Chemist: 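To start, I am sharing the structure in question, which I have written as structure tokens.
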Amino acid sequence: MATSMAVTGIGLVSPVGTSAAEVFAAACEGRSGAVRPAPEHPLHGLLDVAAFSADIDPVSVLPATEARFVDRAIVMALRAAEDALADAGLEVGRDVDPSRVAVVVSGVGGLALLSEQVTSYAGKGRLGVSPYLLPGVLPNMAAARIAIKFGIQGFTSSVGTACASGAQSIGEALRILRAGEADVVLAGCSEAPLFPTFAAAFGNARALAHGWADPTDASRPFDRRRNGLVLAEGAGVLVLERAEHARARGAGRYADVLGWAATNDAYHPTTPRPDGSVAARCMSLALRDAGLEPADVGYLNAHGTGTKAGDLAELRAIRTVYGQSSPPVSSTKGVTGHLLGASGVIEAAIGMLALQRGLLPPTANLDDPEPDPEVDHIVKEPRAAQPGVVLSNSFGFGGHNVSLVLGDPGLKQSGGTG
Amino acid sequence: MKDDIRQFLLQSLKEMNYSTDGIDDDTVLGPAGADLQSLALAELAVRVEDQYGVRFDDDEAEMLAGMTVGEFAELVAGRAEASSAS
């Protein structure tokens with residue numbers, strides 16, 4: 001069994017709140033962040049339903065000269081990182097050597113701003129394109145600008161595994177800490193997919209929930225009437241530390257990351273392998289990495305986006321690992337919508353709060369669960385139970401599967417309310 | 001022409017969120033004066049190219065940092081007049 005690492009700070013930007021406590025409360029209460037874009041909104045007619053996060057003034061996280069031309073994905077990443085560091089009570093340079101801090105913060109990059117500039121180029125040619133475009137949109141720039149803002153000089157990178165990239169960033173952080181390459185890692189993901197070109201792509205791929213009179217009914221993972229995902233935006237960053245480093249500076253911790261694994265379906269660019277066999281293997285490998293057995297898991301936070309094929313493949317994967325007796329399962333995307341890679345970080349945060357509070361959030365809108373295969377779905381109300389160990393799945397286009405294993409160190413009580 | 005260019009330059013700096021307080025013809029554009037750094041100088045060049053139909057070569061971009069506001073306005077005015085005369 002390899003060493004586990006402590007999570008000492010959480011920073012979130014989500015459609016249902018900006019603290020772990022707020023997001024967890026929304027998940028437990030089934031309070032959805034989904035809305036219908038207003039008639040004057042650029043996404044009206046493209047997205048039936050979307051889940052927006054609160055606006056963030058770029059000047060609040062960047063110098064005014066830099067803030068003017070930067071994609072929202074980078075702005076949200078900076079806010080989440082700032083909040084995570086504050087939550088951890090960690091100041092780079094004061095509490096940790098800058099060269100011993102790493103950043104792995106991911107996402108697809110600033111595609112909205114890129115899309116705008118493509119349009120501007122089409123109209124004005126070369127002079128329509130800003131020299132600030134690249135630092136405003138490149139997928140490494142969330143991590144890089146976090147490093148610049150906080151003076152972090154260690155390993156800095158992003159991973160590109162689509163909707164698995166947030167969870168994989170947390171896994172990579174664990175790998176870096178275990179290898180002794182850093183004492184602290186900021187790990188997370190930020191995604192800003194709510195712009196017309198991306199919305200049209202998801203719509204034309206027939207991946208989106210549609211036709212729901214009440215937008216809060218649209219995201220319904222594992223429900224028989226589900227008909228797609230609800231596109232959402234947001235960011236999450238966690239502060240991970242070697243346990244002795246956290247202890248030495250007297251930091252409280254939310255939970256430990258005990259293990260992880262990543263596999264690939266090797267099947268299709270967008271369709272998951274229907275039998276879920278490689279996703280099942282991912283879950284088993286993550287548990288083995290943590291030195292645990294499937295039966296040790298007391299709560300499974302599923303990827304469960306609400307697509308027909310994806311949910312079914314994941315249920316089959318759970319059945320493969322657990323047979324007839326699964327742990328309690330829910331997908332919190334019923335309230336958050338699908339924040340692409342950032343979902344994995346939000347869901348890890350929810351898993352850690354479940355560990356702390358002994359409360360398992362339900363899957364919102366799960367009125368009529370997919371009957372086969374049957375698993376122990378948490379429906380309607382949160383379930384009071386001390387999970388001990390949480391397994392969190394994230395799967396992405398390209399066949400990427402990532403599973404994280406989180407454990408309860410029984411130390412830190414979370415701040416805030418809810 | 002030069003006054004017009006000076007005004008355009010100051011307006012551009014404001015739009016780029018740079019301070020224009022105390023900036024006059026003798027202020028250097030680069031870090032020693034108006035504090036424009038590489039990409040900001042590049043953006044200023046693109047704005048001026050768009051507005052006045054002039055062109056800066058790649059190796060001229062570095063030179064801009066050391067120029068004063070007055071020198072820059074004169075350079076652009078000279079080029080704009082030359083291109084409109086040709």
Side-chain angles (χ1 to χ4, degrees), chain A residues 55-79 82 109-151 156, chain B residues 4-5 7-23 27-67 69 72 75-77 79-80 82-84:
Chain A
D55 278 341
I56 300 170
D57 185 349
V59 173
S60 67
V61 292
L62 284 168
T65 52
E66 299 279 319
R68 192 171 48 85
F69 201 92
V70 65
D71 192 89
R72 179 161 165 72
I74 293 171
V75 172
M76 292 191 295
L78 284 164
R79 170 54 54 79
E82 188 171 74
L111 297 183
L113 187 54
L114 177 62
S115 178
E116 275 176 38
Q117 285 277 286
V118 169
T119 305
S120 182
Y121 176 78
K124 282 190 76 175
R126 177 180 76 84
L127 296 173
V129 180
S130 170
Y132 285 93
L133 175 59
L134 299 177
V137 307
L138 292 179
N140 66 307
M141 280 297 164
R145 284 180 182 268
I146 288 168
I148 292 165
K149 182 176 172 77
F150 298 103
T156 308
Chain B
D4 180 62
I5 294 166
Q7 275 311 110
F8 180 77
L9 195 152
L10 290 174
Q11 185 57 35
S12 294
L13 292 185
K14 281 182 193 153
E15 287 171 12
M16 292 161 64
N17 291 338
Y18 280 85
S19 168
T20 55
D21 291 348
I23 289 190
T27 306
V28 173
L29 291 173
D35 202 24
L36 301 188
Q37 304 212 358
S38 58
L39 284 180
L41 286 165
E43 176 166 347
L44 183 65
V46 170
R47 283 170 177 259
V48 169
E49 286 177 329
D50 188 28
Q51 179 75 12
Y52 295 104
V54 297
R55 180 85 197 238
F56 295 100
D57 292 336
D58 289 354
D59 50 1
E60 282 182 311
E62 283 180 35
M63 195 180 77
L64 294 182
M67 292 180 97
V69 168
F72 182 71
L75 174 76
V76 175
R79 288 196 184 180
S83 71
S84 65

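Just so we're clear, the structure is a prediction, and the values are computed from it rather than from any experiment. Numbered from 1 within each chain, the chains take letters A, B, ... in sequence-line order.
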Chemist: Checking heavy atoms, do the side chain of A/Pro63, its backbone, both or neither come under 4.5 Å from chain B?
Modeler: neither
Chemist: May I ask you to decide if A/Ala64's main-chain N or O and B/Tyr18's side chain share a donor-acceptor pair within less than 3.5 Å?
Modeler: no
Chemist: What part of B/Ala40 lies closer than 4.5 angstrom to a heavy atom of chain A: side chain, backbone, both or neither?
Modeler: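 Both backbone and side chain.
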Chemist: Provide the closest heavy-atom pair for B/Val46 versus A/Val129 in the form atom of the first, atom of the second, distance.
Modeler: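 Closest heavy-atom pair between B/Val46 and A/Val129: CG1-O, 4.5 Å.
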Chemist: Identify the heavy atoms of A/Leu127 and B/Asp50 that sit nearest to each other, and give their distance.
Modeler: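 Looks like CD1-CA, 3.5 Å.
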Chemist: Does a sphere of radius 6.0 Å around CG in B/Asp57 hold more than 12 heavy atoms from other residues, nucleotides or ligands, not counting ones at 6.0 Å or beyond?
Modeler: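 Yes, CG of B/Asp57 has more than 12 neighbouring heavy atoms, counting only those of other groups under 6.0 Å.
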Chemist: Measuring heavy-atom distances to chain B, does A/Ser130 have an atom under 4.5 Å in its side chain, in its backbone, in both, or in neither?
Modeler: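 Answer is side chain: those atoms of A/Ser130 sit under 4.5 Å from chain B.
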Chemist: Which atoms form the tightest heavy-atom contact between B/Glu15 and A/Arg68, and what is the distance?
Modeler: O-CD, 2.9 Å
